[in-house]
Amino acid sequence: MNKSVSNLLAKKMLTHLGSKGLDTDRICKACNILPTDITNPGGRIIAAKHYKLLTETIPYLDFNERVFSQNLSSLYDDYPELIGYCLNSKNPFDAIHAYSKYRTIIGNCDSFIITETDDKMSIEYINEGSKILGSSQAIFNFASILKIIKKYEENHSIKISLTDGIGKNSPLEDFFGTRCQWNEKKNILEINKTKTEMAYEKYNSTLADFQKEKLDKKISELSENIGFASIVSRIVLNTLHNKESSDDENILDSICYKLNMSRWTLNRHLHLEGVNFQSILKEIRMKEACRLLKESHLTLQEISEIIGFSSQSTFTRFFKGQFDVNPSNFRKNN
């Protein structure tokens, strides 16, 4: 899946800055973030926009407030599948592995490297964004991990190394319960293994299987909900199904009207995500044609009308050009 983050992070950040009197419209414009990027339910913001937003807003965000104000309950409200599964693991170290594996639900712009021995686990956080961000994102993730661990065992022995002094003069060390090693080469959280390896007495294996299944499904769905392109894709699909237009130019005009933007603006935002309108329209038609041929008893003429072709022959030429088989034979073989 392309690098992206949940739009809930941007929404909360912008809401917080707006409450402090900042011009969030200006910030969004500087980051090429559209209102639809924020309001799209379950939406994602591509990495470039996410890093730009962090860079633009870091001077205005209070570090202590960001790290210490977000508790596990608020994380659960936003990402119940992920946090619920992390809190229903065999032990805290399985919970950390679960957080790392499924953290994509929150975002996958940066990365984790976990190494494990018999007596300790080491988690390295790699910031793939601007150096201006320093160790800030590592700290937020380490804080989330420790909040999860504390639900298994309150007392734990840890070491933390951070690449710069962000948060050095804050209550950070009190929160972590240890002295941080500043200005190191890597951001690393190291946790000693003690009795925390023992099976968690409240672990429910049956529930865990259901939770994992739901997480796997959610991860597979995320690739279809990234950024502005996903919004355009859904509107194109609805436009075709509602038979509002079959002509490519009219479909484009209809999309622009619904999004209240010019063709130039629409294409510019799609270009930022590495796609264009014609490629989206083509992909939607290919997917819908295959789905309808497999799952329905509609005639080829009816299918051609649904996906926006002027005639059955035009649809047949399009389909054969994409799949090297005509629609009738595709239906017989599927």
Side-chain angles (χ1 to χ4, degrees), residues 3-5 9 13 47-48 50-72 75 82 86 89 91-104 106-197:
K3 298 286 188 179
S4 64
V5 299
L9 297 181
M13 192 180 300
H50 170 68
Y51 286 131
K52 179 67 173 172
L53 178 61
L54 290 177
T55 304
E56 284 282 325
T57 57
I58 200 168
Y60 310 110
L61 293 171
D62 182 271
F63 180 83
N64 292 339
E65 194 171 28
R66 291 180 68 194
V67 175
F68 307 122
S69 64
Q70 180 157 287
N71 55 37
L72 210 52
L75 270 175
L82 171 63
C86 289
S89 295
N91 57 60
F93 299 102
D94 279 3
I96 294 170
H97 280 296
Y99 182 82
S100 175
K101 179 179 180 179
Y102 293 108
R103 182 177 145 271
T104 298
I106 300 176
N108 65 346
C109 289
D110 298 334
S111 55
F112 279 161
I113 297 177
I114 296 179
T115 55
E116 198 168 358
T117 64
D118 290 339
D119 59 352
K120 68 181 179 181
M121 173 183 278
S122 178
I123 305 138
E124 179 184 354
Y125 185 91
I126 301 173
N127 171 36
E128 298 176 14
S130 169
K131 290 183 178 180
I132 295 174
L133 301 176
S135 59
S136 60
Q137 305 311 299
I139 291 171
F140 302 142
N141 279 272
F142 290 165
S144 297
I145 288 172
L146 288 175
K147 288 169 186 175
I148 291 170
I149 289 176
K150 286 182 179 181
K151 292 298 180 179
Y152 290 86
E153 182 188 3
E154 185 64 32
N155 298 315
H156 46 273
S157 176
I158 67 170
K159 289 172 59 178
I160 294 184
S161 303
L162 298 167
T163 56
D164 55 54
I166 290 179
K168 190 171 184 177
N169 298 318
S170 75
L172 189 62
E173 294 185 340
D174 291 337
F175 171 79
F176 285 137
T178 187
R179 294 195 65 178
C180 298
Q181 298 176 22
W182 306 99
N183 301 313
E184 298 292 318
K185 292 183 178 180
K186 298 178 179 179
N187 297 303
I188 295 177
L189 169 62
E190 189 177 285
I191 308 167
N192 289 335
K193 292 182 177 179
T194 54
K195 64 181 182 180
T196 54
E197 283 188 282

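Side chains are part of it too, since the values below use all heavy atoms of this structure and drop only hydrogens, waters and symmetry mates.
Listed here is the closest heavy atom pair of L172 and I166: CD2-O, 4.5 Å. Here the shortest heavy-atom pairing between N187 and S135 reads OD1-CB, 3.2 Å. Here the shortest heavy-atom pairing between H50 and C109 reads CD2-SG, 3.9 Å. Taking each heavy atom of D164 and G134 in turn, the nearest pair found is OD2-CA, 2.8 Å. Of all heavy-atom pairs between T117 and D119, the closest is OG1-OD1, 2.7 Å. Taking both residues in full, the closest heavy atoms of S136 and I58 are given as OG-CD1, 4.4 Å, listed atom of the first, atom of the second, then distance.
In K150, the NZ atom is crowded: over 12 heavy atoms of neighbouring residues, nucleotides or ligands sit closer than 6.0 Å.
In this structure, I148 CD1 and L82 CG are separated by 6.5 Å, a value rounded to the nearest 0.5 Å. Taken from CD in E116 to CE in M121, the straight-line distance is 3.5 Å, to the nearest 0.5 Å. Atom CG of L53 sits about 5.0 Å away from atom CE of M13, to the nearest 0.5 Å. With rounding to the nearest 0.5 angstrom, the OG atom of S157 is 11.0 Å from the NZ atom of K120. In this structure, the separation between CG on L133 and CD on E128 is 12.0 Å, given to the nearest 0.5 Å.
For the pair I96/I191, a side-chain contact is recorded, criterion being any heavy-atom separation below 4.5 Å from C-beta on. Annotation: side chain of I160 is not in contact with side chain of I139 (no heavy-atom distance under 4.5 Å). Under the 4.5 Å side-chain criterion, counting only non-hydrogen atoms from C-beta, L162 is in contact with F142. I123 has its side chain out of reach of S100: every pair of non-hydrogen atoms, C-beta onward, lies at least 4.5 Å apart. For the pair I114 and S122, the minimum side-chain heavy-atom distance is 4.5 Å or more.
Although no hydrogens or angles enter the test, the distance criterion places no donor-acceptor pair under 3.5 Å between the side chain of N192 and the main chain of I158. Looking only at distances, a side-chain donor or acceptor of N127 sits under 3.5 Å from a matching main-chain atom of S130.
Residues D110 and Y51 have side chains that bring a donor and an acceptor to within less than 3.5 angstrom of each other.
Evaluation of the ring pair (Phe, Tyr, Trp, His ring centres under 6.0 Å) rule for Y125 yields F112 as partners, not counting sequence neighbours. By the side chain to side chain contact (heavy atoms under 4.5 Å, CB included) test, Q181 pairs with K159, S161, E184, sequence neighbours left out.
A cation-pi arrangement is not found for K147 relative to Y99, the charged atom failing to lie both closer than 6.0 Å to the ring centre and inside a 45° cone about the ring normal.
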Query raised in the report: Is there a side-chain contact (heavy atoms from CB on, under 4.5 Å) between Y152 and S89 once you walk through the steps?
Result: CA-CA 9 Å; Y152 290 86; S89 295; 3.4 Å; yes
